[in-house]
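Values below: every heavy atom of this structure, side chains too, minus hydrogens, waters and symmetry copies. All figures in this text were calculated on a predicted structure; none of them were measured in a lab. Chain letters run A, B, ... following the sequence lines, proteins first, then strands; residues in each count from 1.
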Amino acid sequence: DQQVKQNSPSLSVQEGRISILNCDYTNSMFDYFLWYKKYPAEGPTFLISISSIKDKNEDGRFTVFLNKSAKHLSLHIVPSQPGDSAVYFCAASARFGTSGSRLTFGEGTQLTVNP
Amino acid sequence: SQTIHQWPATLVQPVGSPLSLECTVEGTSNPNLYWYRQAAGRGLQLLFYSVGIGQISSEVPQNLSASRPQDRQFILSSKKLLLSDSGFYLCAWSLSGTASYEQYFGPGTRLTVT
C-alpha cells in the first residue's frame, strides 16, 4: 500500500520558470509533510516542511502548499535554476507515541532545469 | 552542529557473505536513528528505527538486522547477503521526543551484491 505517491517520475522546466512538484497521500493520520532534495550518490537533504494545520509555507524560492481535503501537497520552485536539478522526495510523518515520528516517502520526481 | 557519518561509501560483496554498515552521529544526544534503503529507481524504504540503546524496531521482514550498541551508533548487518540486498543504504537521525519531525540523512552506502 503506497501511502505517499508522486505520480510524475520526471519533470523538465526552463531556467527562470516555475517548477511544480506534486504529491498525494492516503493516510489521514499524517500530520506533517516534508520535501527532500537528493543528488545522485548522496543522502537526501531537508528542504521545506509544513504542518497539517497550515496550508502554505514559504522559504525563499520554495513554497509548499497543502490541501488537506484533497490529501494533496505541492512544492513550487520559482524561479527555477539549473542547480535545482535533482530528485525531489515528498514525505509524510505520523507520530509513534511520544518518542518521535516516522516518515513515509514517495518514490521521487526527477527535476531537470534546462539553461 | 550535528553531523552524521556512514561508512563505507561503496561496497561490493558476493552473495552469501556477511555485511556490516556503520553509522555514527555527532553533536546530539539520544537521537532517534533510522536505516533506509533505496533500490534502483525507487523511493526510500524504512528498514529499522531506534529510539534508544538496544531498542530496535523492524519495519519489514528481511535478511537484515540492526543494532544500537551505543547512543550515537547504529549498525546494519546481515549474516548472508542476497542479490536483492543490493541498493543504496541511508542512515538518518532525528531529535527524540516530540521536538521535531525532520530527519537528517548521512551520505549513504552503495552496496552491490554480486
Side-chain angles (χ1 to χ4, degrees), chain A residues 1-10 21 23-25 29-54 57 59 64 66 73 86-110, chain B residues 2-11 21 23 25 28 30-53 55-60 87-112:
Chain A
D1 176 27
Q2 187 71 17
Q3 297 187 62
V4 178
K5 291 185 179 180
Q6 294 176 255
N7 291 318
S8 298
S10 63
L21 298 102
C23 179
D24 297 294
Y25 63 96
M29 296 301 292
F30 290 142
D31 58 355
Y32 203 80
F33 303 88
L34 307 90
W35 285 94
Y36 283 82
K37 176 180 179 180
K38 185 181 181 302
Y39 293 114
E42 294 184 10
T45 55
F46 169 70
L47 196 57
I48 192 170
S49 60
I50 188 167
S51 166
S52 60
I53 63 173
K54 295 186 175 181
N57 188 27
D59 183 1
V64 56
L66 175 62
L73 66 155
V87 176
Y88 288 78
F89 288 100
C90 167
S93 178
R95 288 252 174 238
F96 50 83
T98 57
S99 300
S101 65
R102 54 161 296 177
L103 298 182
T104 301
F105 284 84
E107 295 197 341
T109 297
Q110 171 70 56
Chain B
Q2 301 87 1
T3 55
I4 179 168
H5 304 278
Q6 276 186 254
W7 64 92
T10 59
L11 191 60
L21 303 180
C23 170
V25 180
T28 187
N30 194 31
N32 290 338
L33 297 172
Y34 309 83
W35 278 111
Y36 289 86
R37 175 171 60 202
Q38 183 185 19
R42 303 294 299 276
L44 302 176
Q45 180 187 34
L46 179 63
L47 302 176
F48 301 94
Y49 66 88
S50 171
V51 300
I53 296 174
Q55 301 179 62
I56 309 294
S57 296
S58 174
E59 285 294 300
V60 293
F88 191 52
Y89 288 82
L90 290 155
C91 181
W93 72 273
S94 70
L95 292 172
S96 62
T98 58
S100 176
Y101 289 85
E102 289 81 6
Q103 294 180 17
Y104 302 94
F105 287 82
T109 295
R110 171 70 61 192
L111 172 66
T112 303

- Item | Exercise: identify the closest heavy-atom pair between B:L90 and A:G43 | CD2-CA, 3.5 Å
- Considering only heavy atoms, which portion of B:L44 lies under 4.5 Å from any heavy atom of chain A: side chain, backbone, both, or neither? both
- Could you check whether the rings of A:Y36 and B:F105 sit parallel, tilted or perpendicular, using 30° and 60° as the cut-offs? perpendicular
- Who are the ring pair (Phe, Tyr, Trp, His ring centres under 6.0 Å) partners of B:W93, not counting sequence neighbours? B:Y104
- Task: Output the option from A:A41, A:S49, A:G106 having the highest count of non-hydrogen pairs under 4.5 Å with chain B.
- Result: A:A41
- Of all heavy-atom pairs linking A:E42 and B:F88, the shortest is O-CE2, 3.5 Å
- Looking at A:S93 and B:Y101, what are the two nearest heavy atoms and their distance? OG-CD2, 2.9 Å
- Item | Which atoms of A:A91 approach chain B - backbone, side chain, both or neither, heavy atom under 4.5 Å | neither
- chain A heavy atoms under 4.5 Å from B:Q38: which part of the residue, side chain, backbone, both or neither? side chain
- Could you go step by step and tell me if B:Y34 and A:L103 meet the side chain to side chain contact (heavy atoms under 4.5 Å, CB included) rule? CA-CA 10 Å; B:Y34 309 83; A:L103 298 182; over 6 Å; no
- Mind checking ring pair (Phe, Tyr, Trp, His ring centres under 6.0 Å) for A:F33 and listing every partner two or more places apart, or none if nothing turns up? A:Y25
